[in-house]
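Accompanying notes for the structure given below.
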2 protein chains.
Amino acid sequence: MGTSSRIQAGAVMGRKGEEKRQRIIDAANTLFYHKGFTATSFADIADDCDVPKGNFYFYFRTKEELLDAVIRDRSERLAGLLDDLHKDIPDPRARLHRIADVPFNDRHEVAQYGCPMGTLSAEIGKLTPFSQNALTSMYSLLLMSMHHCLAGMGLSHDDADHNARHMLTRLQGAANLAQTFKDENWLEAEIADIHDWIDSL
Amino acid sequence: MGTSSRIQAGAVMGRKGEEKRQRIIDAANTLFYHKGFTATSFADIADDCDVPKGNFYFYFRTKEELLDAVIRDRSERLAGLLDDLHKDIPDPRARLHRIADVPFNDRHEVAQYGCPMGTLSAEIGKLTPFSQNALTSMYSLLLMSMHHCLAGMGLSHDDADHNARHMLTRLQGAANLAQTFKDENWLEAEIADIHDWIDSL
DNA sequence: GTCTATACCTTGATAGAC
DNA sequence: GTCTATCAAGGTATAGAC
C-alpha cells in the first residue's frame, strides 16, 4: 500500500485519505469487472464510492494509474488467498484441487462477467502496455502456486511447468466460454474434468 | 447479405452502396478486434474506410447495429472456412487437426490482440445482450464442426459433445493467455498438446 | 488537504443541403 | 441517395476556492 501510493500521485495522505483512496479502488475494481475499463467512467465510480470525481486526481494522476492501483489491489488479495491455502492445506494435491475451485466458487459472477483478470487483460492488452507487468505478475502468482503443488506431487520441474500452464489455460478458457454462453454449467463441467485430470497425475 | 441489411436500417442501396457498406464493416471489424468495441469510435472507422462518419447512419441505425453486422460478417467467413475444410478434408481426424490449427495460423495477431471472437465476447457480454445471439451462434458453428469430426471418429454423441466443449475451452484459454503474456509460444505449446490429445482419442 | 466548478475534447447521433 | 455541418451529452482532466 505504501509502495503503490509512492508511484502514484505524490499525495501524502492521512488515515482518512488512505481510507478514501481505498474506497475509490474498491468501487473501480467492481465496475471495471462488471462494465469493463473503457466503459466505466469516473462519474460511475464517484456514484458508487461517495467521493467527488474531481477529487480522484488527488489520488491518481490518470485513469490508467487508477487501473494500476486496482490491479495491484487484486494481486494482493490473490496473494493472500494463495497464502491462506498454502497454510491451511499442506497436501499439494488437495491444495491444487482447491485452486481449481477458485473460479468455480464465483461461478455465478463468472458466468455473467467472465474472469476478473482474463476479461480485463483481454481489454487492456489491446489498449496500452501500461499495466501489462502488473497483470502478468498476477498470473505468475497463480502459475507459481500451481507449479509448487505439482512439484510437491512429485512432478519434475519441466512437467510441473507444462501442467501448470495447461491447467491455467483450461480455467481461463472455461471462464471465457461460461461468460459467452452465460452458462455456469460450462465452467462446472470443465472444472470437474480438471479435478479428474489432477487425480490422474 | 440481403438478409442482414433487411434487419438493419431500412436503406435500399445500389451496388455502390452495398460496397460502401461492406467497407465500413471491414474497417469496423479490424478496429473492434485491434482496439475493442467501446474504444473504437466512428471517427476511427471513418478514417480507415474513407466513408464520412455522418454517412454511417444511412447504413446502420446505431453502433450496436454495426457491431451486429460485423459479427454476422465474421460468422459468414467462419462458416465458409469450415465448409472449405469439410470439402477439402474428408478424414474427420485430419480435419479436426486443421480446426485446432485455425488460431495457430494467426498466432502473431492472436498474441497481440487475442482471439477475435473471445475478446469481443468478453467485452460485449458485460455491456448488452444485443449481439449475444449472433456471438453464441458463431461459437456453435465451431462446436458443431468439432462435434461432426469427433462423431466421425467413432465417438458417441455424448462423448463428442463433451470433447468438443473441452477442445474449444482449451483453444479459447490458450488464445487469452497468449495475449496476456504477449507470447505466441503459449498458443503454440497448448495447440501442440491438443494435437496429441486428438491423436489419443 | 479536500472538494467544487468548469474547461476542453470526443462521443454517438441528427438535420437538412445537395 | 450521399454527405457536410452540427448537435447535445458525457468523457477526462484542471484550476483554484475553501
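Reminder, nothing fancy here: chain letters follow the sequence lines and each chain counts from 1.
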Return the value, rounded to whole Å, for the distance between atom [atom1] of [X] and atom [atom2] of [N].
{"X": "A:Phe56", "N": "D:dT12", "atom1": "CZ", "atom2": "P", "answer": "10 Å"}
{"X": "B:Arg21", "N": "D:dG1", "atom1": "CZ", "atom2": "P", "answer": "16 Å"}
{"X": "B:Phe37", "N": "C:dT11", "atom1": "CZ", "atom2": "P", "answer": "13 Å"}
{"X": "B:Leu66", "N": "C:dA13", "atom1": "CG", "atom2": "P", "answer": "10 Å"}
{"X": "A:Lys63", "N": "C:dT10", "atom1": "NZ", "atom2": "P", "answer": "16 Å"}
{"X": "B:Tyr57", "N": "D:dT4", "atom1": "OH", "atom2": "C1'", "answer": "15 Å"}
{"X": "B:Lys35", "N": "C:dT10", "atom1": "NZ", "atom2": "P", "answer": "12 Å"}
{"X": "B:Phe42", "N": "D:dC3", "atom1": "CZ", "atom2": "P", "answer": "16 Å"}

Within the side chain of [X], is there an N or O that forms a donor-acceptor pair under 3.5 Å with the backbone of [Y]?
{"X": "A:Glu184", "Y": "A:Ala111", "result": "no"}
{"X": "A:Arg95", "Y": "A:Leu82", "result": "no"}
{"X": "A:Lys182", "Y": "A:Gln179", "result": "yes"}

For the side chain of [X], starting at C-beta, report the closest nucleotide among [options].
{"X": "A:Phe58", "options": "C:dT11, C:dG1, D:dT12", "result": "C:dG1"}
{"X": "A:Pro52", "options": "C:dG12, D:dT12, C:dC3", "result": "C:dC3"}
{"X": "B:Asn55", "options": "D:dT12, D:dT2, C:dA13", "result": "D:dT2"}
{"X": "B:Lys53", "options": "C:dG12, D:dG11, D:dT4", "result": "C:dG12"}

query = According to a strict under-4.0 Å criterion, is A:Ser41 in side-chain N/O contact with OP1 or OP2 of D:dG10?
reply =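 For D:dG10, neither OP1 nor OP2 has a side-chain N or O of A:Ser41 closer than 4.0 Å.
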
ask   = In terms of side-chain heavy atoms, does B:Thr38 have a donor or acceptor partner in B:Glu123 at a distance below 3.5 Å?
value =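 Side chains of B:Thr38 and B:Glu123: pair found under 3.5 Å.
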
task = Using the closest heavy atom to pick a nucleotide of DNA chain D for each, name whichever of A:Gly54 or A:Ala43 lands nearer the 5' end.
result =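 That would be A:Ala43.
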
query = Checking all strands, does B:Thr40 fall into the base, sugar-phosphate, or nothing category for heavy-atom contacts under 4.0 angstrom?
reply =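 Sugar-phosphate only.
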
task = With heavy atoms under 4.0 Å as the rule, sort B:Lys20 into base, sugar-phosphate or nothing.
result =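 If one applies the 4.0 Å heavy-atom cut-off, B:Lys20 turns out to touch the sugar-phosphate alone, with no base involved.
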
task = Using a strict 4.0 Å threshold on nitrogen-to-oxygen distance, state whether A:Asp50 and A:Arg23 make a salt bridge.
result =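 The answer is no: the pair does not qualify as a salt bridge.
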
